[in-house]
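Below, read A as the first sequence line, B as the second, and so on, with proteins coming before strands; counting in each chain starts at 1. Every value quoted in this text rests on a predicted model; they were computed, and no experiment measured them.
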Number of protein chains: 2
Amino acid sequence: MARYRDTRERILDVALELFTEEGYDRASLREIAERLGVTKAALYYHFPSKADILFALHLRIHALIDEPLQQLRAAPVTLGRWETFLSACMEKLEGNTALFLLHRNNQVAFSSLHNEAHRHAHTELEAWANMLFSDPSLSPGERLKMAASFAVAFLTPMLAAPLISPGNEANMAPALRRIIHGVLRTATEDSASSARNGSGPRPTAPPRLAVRNRARN
Amino acid sequence: MARYRDTRERILDVALELFTEEGYDRASLREIAERLGVTKAALYYHFPSKADILFALHLRIHALIDEPLQQLRAAPVTLGRWETFLSACMEKLEGNTALFLLHRNNQVAFSSLHNEAHRHAHTELEAWANMLFSDPSLSPGERLKMAASFAVAFLTPMLAAPLISPGNEANMAPALRRIIHGVLRTATEDSASSARNGSGPRPTAPPRLAVRNRARN
DNA sequence: GTCTATATAGGGATAGAC
DNA sequence: GTCTATCCCTATATAGAC
């Protein structure tokens, strides 16, 4: 039938709504079915399990940011390329905040996906972020700035989006980019050249962020 | 009895572990009881419901950051006072990342707490953050920088903490403070006087960024 | 492709003995 | 304060008719 379009897609749309609103664990298939005007059993025709619905949504996110990610991986990571990457992702995610919120609100659910069945290349947001943040070819200070800029790019909007001015999230993108640009250029001890030392909140210098860290993979 | 110490506290400790690991919804009382060596029914002697356990943990977080929060509320918010506030919170939270992760991983669960029964003054992380980020006496640009610095302060560590150098989270605090300092001084369109465009985090002259704010309590 | 009906499991919570 | 035993409910998932 597929009254409007592909039923499978409509299921995913509704699931996206409910999973973000109530969280994956609390949202029941009954709710999804009701809101969709079908029965639970109908869902099982399209998806073998509830987890598979979540996984399908995961693939949506994946597809969305796959291209910038591939580009980033095409060469060694630098702060400049990282900034480009973030910018590209921000663009992709514009208007798709629901997908991002879904991931944000259901980290445990997502992480239990691969633990169970799937053996795909999981490049979840935190997964590949982690990979990068532990890249030993980057200094600890650089990694921290990458993480900080990541937080600014993707987590700030979720703090501020519904509040600053609902609807025109696009407006804050330029400001965010400016902030990110600044973050990635913050002076650090281990950025060799900077003798620049302000006053402000005196970082009474434990000079180097000791790192005899080893990629634990 | 209370073999080791107050049983109630032990329950909370175990619950903190499980709620952060598996998420509040997935962690069952049976699991908590088993890990504790008691039965489910025993838990109900100490807590009237599962939600109350979560709420008790919420109070732990609350107590932890209550003082800086009261200080922040004691006067109109400025970017400078905001920075002080963040710094104080970071200090408090050092060594208590579990509590923070709990909150981070269970936002829906926490938010459904007050919706149900409690009428307390809920100053959850996102709740009071939201309140501030929507303060109309601050310009949108300022609010965004507050949100961004908030993200840097509290969300960056959770991205980077397990990776940069496990165990010495303290070491990254100074660097984070420097980044935050810079974020709050990023030039914005609506910061009228922004000819101030040095490179790096300009020290001197703490904020004074206009505040015709009203304490809204 | 969607339905009705049902199987099965596990959750939170209570009663009452000790 | 902690136990055993149990109630009740809702969830996922399946079987099989249409």
Length of the CZ-C1' vector between Phe47(B) and dT14(C), whole Å: 18 Å
Distance-only side-chain donor-acceptor flag, Arg30(A) / Thr39(A), under 3.5 Å: no
Listed nucleotide nearest any side-chain atom of Lys50(A), set dA13(D), dG1(C), dG12(C): dA13(D)
dA13(C) phosphate, OP1 or OP2, under 4.0 Å from Tyr44(B) side-chain N/O: yes
Listed nucleotide nearest any side-chain atom of His46(A), set dT4(D), dG1(C), dA13(C): dG1(C)
Interatomic distance, Glu22(A) CD vs dT10(D) P [rounded to whole Å]: 14 Å
Closest to the Leu29(B) side chain, choosing from dA13(C), dA11(D), dC3(C): dA13(C)
Short side-chain N/O contact from Arg30(A) to OP1 or OP2 of dT10(D), under 4.0 Å: no
Whole-Å distance separating the CG atom of Asp25(A) from the P atom of dT10(D): 18 Å
Residue-phosphate contact under 4.0 Å: Thr7(B) side-chain N/O, dG1(D) OP1/OP2: no
pair Phe154(A)-Leu93(A): side-chain heavy atoms closer than 4.5 Å: yes
Polar pair under 3.5 Å, donor/acceptor by atom type, side chain Lys40(B), base dG12(C): yes
Point-to-point distance, once rounded to the nearest 0.5 Å, from CG of Asp13(A) to OG1 of Thr7(A): 11.0 Å
Within 6.0 angstrom of Glu34(B) CD, more than 12 heavy atoms from elsewhere: yes
Sugar-phosphate only, base, or nothing, as touched by Ala27(A) at under 4.0 Å among non-hydrogen atoms: sugar-phosphate
Tyr45(A) side-chain N/O to dG1(C) phosphate OP1/OP2 under 4.0 Å: yes
Under 4.0 angstrom between Thr39(B) side-chain N/O and dC3(D) OP1 or OP2: yes
